[in-house]
Number of protein chains: 2
Amino acid sequence: MSRWAPVVWDGRVKLIVEELAMGSSAPAVLVIDDEMQIRRLLRAALQARGWRVMEADGGQLGISEVALGRPDAVILDLGLPDMDGVDVVRRLREWNRVPILVLSVRDSAEEKVRALDAGADDYVSKPFNTEELLARLRAIQRRGDPGSDGPEFVSGVLQIDFAAREVRVGGRRLGLTRIEYAVLKTLARNAGKVVTQRQLLREVWGPQGDDCSNHLRVHLAHLRTKLSAAGFDRNRIQTETGVGYRLIE
Amino acid sequence: MSRWAPVVWDGRVKLIVEELAMGSSAPAVLVIDDEMQIRRLLRAALQARGWRVMEADGGQLGISEVALGRPDAVILDLGLPDMDGVDVVRRLREWNRVPILVLSVRDSAEEKVRALDAGADDYVSKPFNTEELLARLRAIQRRGDPGSDGPEFVSGVLQIDFAAREVRVGGRRLGLTRIEYAVLKTLARNAGKVVTQRQLLREVWGPQGDDCSNHLRVHLAHLRTKLSAAGFDRNRIQTETGVGYRLIE
DNA sequence: ATGCTGTCTTAATGCTGTCTTAATGCGAAT
DNA sequence: ATTCGCATTAAGACAGCATTAAGACAGCAT
């Protein structure tokens, strides 16, 4: 099948194309808000500016979503039903430095001070101007994360520096194509665990990217060949027949 | 000039004396505002919280003060008499990444977007709540300064002086156009890492500057030609197809 | 205003490298 | 034995890239 079989040329498809153009590494933002209307509004605005948008409707879910999805920024509504918003900030800051923009209906100085001192990077009162919010989001996201230098994934001879998009095997740089890198990145992020084919397909070809499983096999073969040529044991990418693949730690 | 030869007892000298008095280890903030009342108010509040305070009453002076005094944060009033505040931000950002909190009497979204996209880190409207402003200052200052240990970049034969906007290859000066310089600067600031096309496009053509990818290619070709003509290995600007570019360290 | 200079944009070309497609062979499960 | 899923390879299609040249444009000095 061709990737250009989709019948509709809607926003979703356009997004996929854009993601592909960016090596599927478009910055992701997590919106934590219990009001669906706000989430919808933000999703539309953010996607229009090239963000990948994730959503959570509660604090608990939001925190786990940060852990799982590793967003590049977080928009957090303080008025969540399940827990205090400032506590969410605090909990996140215990282990994560992702930029956090706090939203709130309250406009009091004390509230702002509380949130900012808990570790939030900016505070915007509702109702907000969308353009301003986007600009503020850009501002806090622009100032990258200082504390992340060097390879973030190391396992034997294989090391991956996600920030630099660089893969090394035994110290030697490896040139990977967009798709090969995306596949390896996903496997590495879930090292030891089985990554389903669907998961890989979505990572590379987007939500509509099922029935590209043959492509996946081809690229995996290339990936294995390149890795093993550089001294990486080819068998460390295991095939779980009918399920997916696993990178042995 | 010797620090203890000053003929005039002006603000700068006063500042030095204060630095000595504070042991000069406290974080410094530069307040750029033409209204003396505001400066006094801020000075009192900031000093009470342990900041070392520097002052400038105009944009020109403020910029040179940033260069000389290397403050850890800047509070900048947009409504300066001698130049447009947003321009001050822009000028500072050409070579410096110090956190900037912008103050303004104007509360319009456009103004905020302009200032933030120019490189400011936060925007507070006057009249402001002092506690909130201090909390915001802490928030932007907390998120340290990642990539600027000095305005110099050196890697092999290539050296860039961001302050002077000067590029040298093997000591010889290189004349670059605005766009060429902006591209090289961005690559250098992220040396070793892949800089996405979108990132470069935004750096040069602003936030809505997508769909200029062809221009980018043209200017990159010029840049590579100029660099290699001066003795810089052309391959040290790598292309990551479909993703972006990387300057090899 | 006018012309000059250097920069930016636009467009066209050929090319490189990546992705897709399809064909073949293998092995495990039915 | 047959079928299904997977690995591998090779070849062609295609997107994205590099490069060049020419025209538009802005900035600047006259």
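Lettering follows sequence order; numbering is per chain, from 1.
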A.B. asks: What pairs of residues pass the salt bridge (Lys or Arg N to Asp or Glu O under 4.0 Å) test when at least one of them lies in residues 212-231 of chain A, not counting sequence neighbours?
C.D. replies: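 The answer is E180(A)-K226(A).
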
A.B. asks: Measure from CG on L223(B) to P on dC17(D) and round the result to the nearest Å.
C.D. replies: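 Atom-to-atom, L223(B) to dC17(D), this comes out as 16 Å.
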
A.B. asks: Considering residues at least two apart in sequence or located in another chain, which fulfil the side-chain hydrogen bond (donor to acceptor under 3.5 Å, both in side chains) criterion with T241(B)?
C.D. replies: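 Partners of T241(B) by the side-chain hydrogen bond (donor to acceptor under 3.5 Å, both in side chains) criterion come out as none, since no residue qualifies.
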
A.B. asks: Name all pairs fulfilling the salt bridge (Lys or Arg N to Asp or Glu O under 4.0 Å) condition that reach into residues 239-249 of chain A, sequence neighbours left out, sorted by first residue then second.
C.D. replies: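 Listed once each, the pairs are E240(A)-R246(A).
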
A.B. asks: Please report, rounded to the nearest Å, how far the P atom of dG6(C) is from the CD1 atom of I179(B).
C.D. replies: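 The answer, rounded to whole Å, is 17 Å.
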
A.B. asks: Do R198(B) and S213(B) get their side chains close enough for a donor-acceptor pair, meaning under 3.5 Å?
C.D. replies: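 Judged by distance alone, the side chains do not pair up.
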
A.B. asks: Return the CD1 to CG distance between I38(B) and D57(B), rounded to the nearest 0.5 Å.
C.D. replies: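 With rounding to 0.5 Å, CD1 (I38(B)) is 14.0 Å from CG (D57(B)).
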
A.B. asks: Quick one: W205(A) CH2 to dA15(D) C1', roughly how many Å, whole number?
C.D. replies: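 Rounded to whole Å, this separation is 16 Å.
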
A.B. asks: To check you understand the geometry: which heavy-atom pair defines the closest contact between G156(A) and R236(A), and what is its length?
C.D. replies: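 What the structure gives for the nearest pair is CA-NH1, 4.5 Å.
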
A.B. asks: R178(A) has an atom CZ; how far is it from atom P of dC14(D), in whole Å?
C.D. replies: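 Checked: the CZ to P distance equals 16 Å.
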
A.B. asks: Could you measure the distance from the NZ atom of K185(A) to the CD1 atom of I160(A)? Nearest 0.5 Å is fine.
C.D. replies: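 Nearest 0.5 Å value for the NZ-CD1 distance: 10.0 Å.
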
A.B. asks: What is the distance, to the nearest angstrom, from the CD atom on Q238(B) to the P atom on dC17(D)?
C.D. replies: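 Interatomic distance, CD of Q238(B) to P of dC17(D): 14 Å.
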
A.B. asks: Please tell me which of H219(A) and L176(B) maps to the more 5' nucleotide of DNA chain C, matching each residue to the nucleotide holding its nearest heavy atom.
C.D. replies: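 Residue closer to the 5' terminus by nearest nucleotide: L176(B).
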
A.B. asks: How long is the line joining CG of L200(B) and P of dG16(D), in whole Å?
C.D. replies: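 Rounded to whole Å, this separation is 17 Å.
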
A.B. asks: At 10 degrees resolution, what angle do the end axes of the helix from dA1(C)-dT30(D) to dT30(C)-dA1(D) form when each is taken over five base pairs?
C.D. replies: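 It comes to 30° between the two terminal axes.
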
A.B. asks: Do any side-chain nitrogens or oxygens of H215(A) fall under 4.0 Å of OP1 or OP2 in dT21(C)?
C.D. replies: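 H215(A) to dT21(C) OP1/OP2: side-chain N or O found under 4.0 Å.
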
A.B. asks: Provide the full list of side-chain hydrogen bond (donor to acceptor under 3.5 Å, both in side chains) pairs with a residue in residues 74-89 of chain B, sequence neighbours left out, each pair given once.
C.D. replies: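 Every side-chain hydrogen bond (donor to acceptor under 3.5 Å, both in side chains) pair that includes a residue of residues 74-89 of chain B, provided the two are not neighbours, is D77(B)-K126(B), D87(B)-R90(B).
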
A.B. asks: Can you check each nucleotide of nucleotides 4-13 of chain D against protein heavy atoms at under 4.0 Å and return B for base, S for sugar-phosphate only, - for none, in 5' to 3' order?
C.D. replies: --SSBB----

A.B. asks: Does R165(B) make a cation-pi contact with Y181(B), if we ask for NZ or CZ under 6.0 Å from the ring centre and within 45° of the axis?
C.D. replies: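 Verdict for Y181(B): a cation-pi partner in R165(B).
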
A.B. asks: E180(A) CD to dT20(C) P: how many Å, rounded?
C.D. replies: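 About 11 Å, once rounded to whole Å.
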
